[in-house]
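I have placed the structure first, in the form of structure tokens, so that the comments after it can refer back to it.
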Amino acid sequence: MAKTLPRNAEIADQLDLLADISEILGEDSFRVIAYRRAATRIRETPGPVAELALSGHAKDLPGIGKTIEQKVVEIVNDGEMHALAKRRQSVPAGVVDFLRLPGIGPKTAARIWTELGVTTLDGLQEAAASGRLRDLSGLGARSEEKVLKALEAGAGRKAPAEDRGLLGAALPAVKAVVEELRAHPAAIAVSEAGSVRRRRETVRDLDFIATSADPPALIASFCEAPWVAEVVARGDTKATVLGHQGLRFDLRVVEPECFGNVLQHFTGSKGHNVALREEAQRRGLSISEYGVTTVGTGEVVTHADEDALYEYLGYQPIPPELREDSGELEAARERRIPPLVEPGDLRGEMHAHSTWSTDAKATIEEMVLTAKARGLSYLCLTDHSHYLRDGRLEAQWREIDDVNARSGRGFKVLRGIEVNIRADGSLDVDDDVLAELDWVIASLHTAFDRSPTERILGAMDSPHVDCIGHLSGRRILKRPGAEVDVERVVEHAVATGTALEINSQPDRLDMRDTHARLAGEAGVLIPVVTDAHSTAALSYAELGIGLARRAWLTKEQILNTRTWAQVAKLRKRA
DNA sequence: GCCGTTTTCGGCCCGACTGTTTTCAGTCG
């Protein structure tokens with residue numbers, strides 16, 4: 001039997017651990033950076049990197065060379081990179097955990113271990129409590145205090161992803177704050193920044209950049225807003241506050257002439273900025289949040305406008321969602337950044353539920369009214385198949401007909417369904433019933449670990465299945481989702497003419513960005529859907545559009561930017 | 001360890017903050 005290949009996440013974790021250990025051992029810092037870069041690259045690669053490494057193509061990925069490719073092959077063969085296996089012998093496992101504590105980096109971690117002989121978090125806690133930490137030069141009572149406080153809060157013992165929240169939870173708050181700041185008389189320009197602006201699926205700190213005629217007044221209004229639970233830091237140009245749900249908001253007020261530079265800097269990503277600066281450096285330019293310096297002359301140029309900054313550097317303006325160091329700089333140099341799909345491009349909803357699904361909250365009519373108000377012209381009602389047995393499907397159709405009769409021209413409800421792909425791969429609705437429907441979504445809802453890829457491929461073979469719902473079944477921050485071979489699925493979607501949805505539920509966002517990009521490049525038709533179980537949830541479309549933009553998708557690649565008549569012609573049964 | 005519009009060798013982003021120290025190394029984003 002074939003060996004199961006290590007997942008990208010596992011390879012990346014090993015590289016990150018190797019980087020941590022190498023850093024503690026004081027090895028060449030540029031090699032450490034190379035390990036970390038490779039780890040990030042591998043984590044963001046849509047297909048299995050192990051497979052690429054075996055065929056000698058992993059080194060085609062930027063940041064991966066012969067040596068790291070070989071290390072990936074070692075994982076396949078022996079379960080662990082040899083360099084990692086060797087170094088683990090020399091550094092106690094607990095010392096690596098020190099790095100997760102604030103203020104403790106590789107140098108300090110190494111000295112705590114070698115000079116104090118402390119090798120566990122418990123040992124560190126004791127050393128800090130008994131005042132032994134201050135024996136190290138450069139560390140004092142303040143450092144001990146900080147370490148103790150962090151350890152009490154559980155730092156170092158949990159995974160780093162756990163302090164992130166869902167974009168869907170943060171985005172409404174971010175928009176409200178931007179609007180509030182803009183309405184202030186002292187405000188000139190206000191923008192969100194950071195990972196929210198890039199529409200990353202999870203976020204931590206929420207960043208805002210503003211220009212103002214009276215910075216202290218704007219800062220004051222920000223800190224004294226009713227939604228602020230605690231002011232963490234407050235200066236004349238910068239403040240950090242906590243909201244009541246624990247979200248952290250960061251506002252920087254800057255001079256109007258460098259608004260573009262600061263916004264670009266604080267939008268990130270870090271990888272994008274590093275790559276941008278490296279390219280600039282080769283041309284004798286130095287970029288910072290304060291402007292672009294020509295190294296030879298010392299001349300500094302600032303930009304009030306972010307697009308103008310990119311143009312000055314020789315790039316087509318790059319939408320925030322693409323700034324992940326995943327090919328956007330090269331594309332922008334060659335002016336190949338595509339016009340990305342926008343929220344207003346959507347014409348219909350293709351995955352939504354009504355009270356016919358007992359887990360949903362709104363009637364068909366209520367869903368229709370909200371969809372209409374959002375500017376849509378059709379809605380595929382795709383209630384769960386298991387709630388539509390024993391004549392209930394026909395009854396649902398009668399209600400659909402009634403609603404259609406009442407809502408008149410300009411809007412249409414289509415007969416759809418979301419069928420389950422059972423553990424054995426079969427669909428839980430008969431073909432003769434599916435044949436009568438306008439839109440059929442097949443989804444995994446159970447047994448995620450039982451041959452998910454084969455079950456999905458099988459569902460796509462059905463002439464009645466128009467679309468696969470939430471491909472992996474993941475719940476962000478809750479469960480990882482099925483191990484689906486996305487490359488095979490995408491290939492088969494093209495071959496069978498099956499669509500693959502982008503599900504906009506805040507904790508699904510499934511397919512994820514890198515997979516959606518792969519599907520789009522292959523020519524799969526991709527509906528952006530909300531899977532709404534309430535009228536309010538129809539607004540999640542914005543999250544799905546953010547995901548689609550992160551996947552470099554244009555209006556043409558998104559199925560429901562078309563009218564229903566146009567969509568119907570693209571169905572596999574058409 | 002990776003990489004190339006000066007380079008297959010010799011580079012590798014930038015600035016602020018922190019805690020400690022007295023000029024800075026380490027950490028952070």
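We name chains A, B, ... by the order of the sequence lines, and we start the count at 1 in each one.
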Does a side-chain N or O of [X] approach OP1 or OP2 of [N] to a distance below 4.0 Å, or not?
| X | N | result |
| --- | --- | --- |
| A:S288 | B:dC13 | no |
| A:S137 | B:dT20 | no |
| A:Y290 | B:dA16 | yes |
| A:R31 | B:dG1 | yes |
| A:R277 | B:dC14 | no |

Once you apply a heavy-atom cut-off of 4.0 Å, does [X] come out as touching a base, just sugar-phosphate, or nothing?
| X | value |
| --- | --- |
| A:K238 | nothing |
| A:L276 | nothing |
| A:N273 | nothing |
| A:I33 | nothing |
| A:S29 | nothing |
| A:A233 | nothing |

Using nucleotides 7-11 of chain B, report all nitrogen or oxygen pairs with the protein that are shorter than 3.5 Å.
none

| task | Starting from the 5' end of DNA chain B, give me the residue, A:L61 or A:P102, whose nearest nucleotide shows up first. | result | A:L61

| Position toward the 5' end of DNA chain B (nearest nucleotide), A:P106 or A:G138 |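 Going by which nucleotide is closer to the 5' end, it is A:G138.
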
| CA sep, side-chain torsions, deciding dist, call: A:Q557, A:T554, side-chain contact (heavy atoms from CB on, under 4.5 Å) | CA-CA 5 Å; A:Q557 290 167 299; A:T554 65; 3.3 Å; yes

| With rounding to whole Å, what would you report as the distance between B:dT20 and B:dG26 at their C1' atoms? | 11 Å

| message | Between A:R41 and A:D325, is there a side-chain heavy-atom distance shorter than 4.5 Å? | response | yes

| query | Do other residues, nucleotides or ligands put more than 12 heavy atoms under 6.0 Å from the CD atom of A:E115? | reply |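 Yes, because the 6.0 Å sphere around CD of A:E115 holds more than 12 heavy atoms from other groups.
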
| Among A:E324, A:E201, A:E321, which one satisfies salt bridge (charged side-chain N to carboxylate O under 4.0 Å, His left out) with A:R550? |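 Looking at A:E324, A:E201, A:E321, the match for A:R550 under the salt bridge (charged side-chain N to carboxylate O under 4.0 Å, His left out) is A:E324.
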
| query | Does B:dT8 have a Watson-Crick or wobble partner in any strand here, with both distances under 3.5 angstrom, and which is it? | reply | none

